[in-house]
Amino acid sequence: MNTEDIPLQTLLRQNRPAPALPSRFQQNVWRRIEDAQSPAESASWLDALANLILRPRFALAAAAVLLLTGVFTGTLEGRQMARHDAQMNYLASVAPHALR
Amino acid sequence: MNRSLVILLGALALGAGIFAGSYYTAQRATVACCAKPADDLGWLQMEFHLGDAEMARIRELHEGYLPKCAEMCAKIAAAKHELSSLIGNGTNLTAEAQIKLSEIAVLRAQCQAQMLEHFAAVSQAMPPEQGQRYLAEMKKLTLGTNELMEQSMSDHAGHEHGTN
């Protein structure tokens with residue numbers, strides 16, 4: 001830096017206009033920063049969930065749980081249906097439909 | 001569309017498919033395997049946990065009851081056929097048709113009484129607790145439907161009377 005320019009620079013700095021900031025300027029700046037960050041947060045939540053789903057261990061475990069739950073509830077329902085069918089067979093043999 | 005959202009929706013669809021497929025397969029397999037007992041009495045043995053001796057006695061009662069039941073059913077069917085001929089295409093209910101209706105009602109009552117006697121005899125061939133449960137179940141299944149129908153008819157009649 002040229003030392004001869006120092007007085008000039010000081011003079012320029014002193015004469016630089018410093019406009020007054022609008023009221024609540026800093027607060028508004030922070031609010032805009034927060035607003036800009038919030039969609040990024042929700043996207044990252046969805047990404048995290050998608051990443052979790054794509055993990056082989058998690059995917060296999062979830063598939064196994066769903067498969068077992070389906071087999072269990074299907075078997076229960078099937079047993080109820082089978083019981084009902086057998087009951088209706090017996091009923092049809094002892095109680096003519098005209099009497100029911 | 002967002003890649004993560006596509007993955008999530010795809011996973012949900014796949015999960016629903018796995019659950020529905022396993023549920024349906026298990027249900028069909030269970031029905032196919034358990035719904036066809038050896039004969040009409042299979043349900044009694046399964047439901048009331050009956051032993052061989054009790055089943056033999058019940059089978060004897062059942063086989064004794066079936067011809068009587070068939071005979072009553074044939075009488076009712078014949079009477080209904082006669083009623084149908086008496087009514088023909090006419091719009092008025094003749095005296096003969098009314099008599100036939102009464103005959104059918106009497107036959108039905110006799111058939112119902114015979115059926116209830118059979119239920120009572122079968123219930124006595126079971127251990128007391130199971131017998132009570134059987135009798136209650138049979139009454140509910142055979143008489144309950146009529147009661148429901150009569151109840152709905154009386155409700156309907158009452159409603160109409162209320163509005164007039």
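We name chains A, B, ... by the order of the sequence lines, and we start the count at 1 in each one.
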Task: Spatial distance of atom CD (A/Q87) from atom CG (B/L44) [nearest 0.5 Å] - done: 10.0 Å
- [ ] Identify the heavy atoms of B/I58 and B/A125 that sit nearest to each other, and give their distance.
- [x] CG1-CB, 3.8 Å
Open item on the list: Under 4.5 Å from any heavy atom of chain A, what part of B/L8 do you find: side chain, backbone, both or neither?
Closed with: both
Task: Heavy-atom proximity to chain A below 4.5 Å, by part of B/Y24 - done: neither
Task: Test item: side-chain donor near acceptor, A/R83 and A/Q80, under 3.5 Å - done: no
Open item on the list: Does the plane of the ring in B/H62 sit parallel, tilted or perpendicular to the ring in B/H118? Use 30° and 60° as the thresholds.
Closed with: tilted
Task: B/F48 side chain near B/W43 side chain, heavy-atom distance below 4.5 Å - done: yes
Proximity breakdown for [X] and chain B, heavy-atom pairs closer than 4.5 Å:
X: A/L67; answer: both
X: A/A62; answer: neither
X: A/L54; answer: side chain

Open item on the list: Under 4.0 Å between a side-chain nitrogen and a carboxylate oxygen: does that hold for A/R31 and A/E34?
Closed with: no
Open item on the list: Please identify, among B/M72, B/E137, B/E47, the residue contributing the most non-hydrogen atom pairs under 4.5 Å to chain A.
Closed with: B/E47
- [ ] Please determine, among A/I53, A/L68, A/T73, the option with the most heavy-atom pairs under 4.5 Å with chain B.
- [x] A/T73
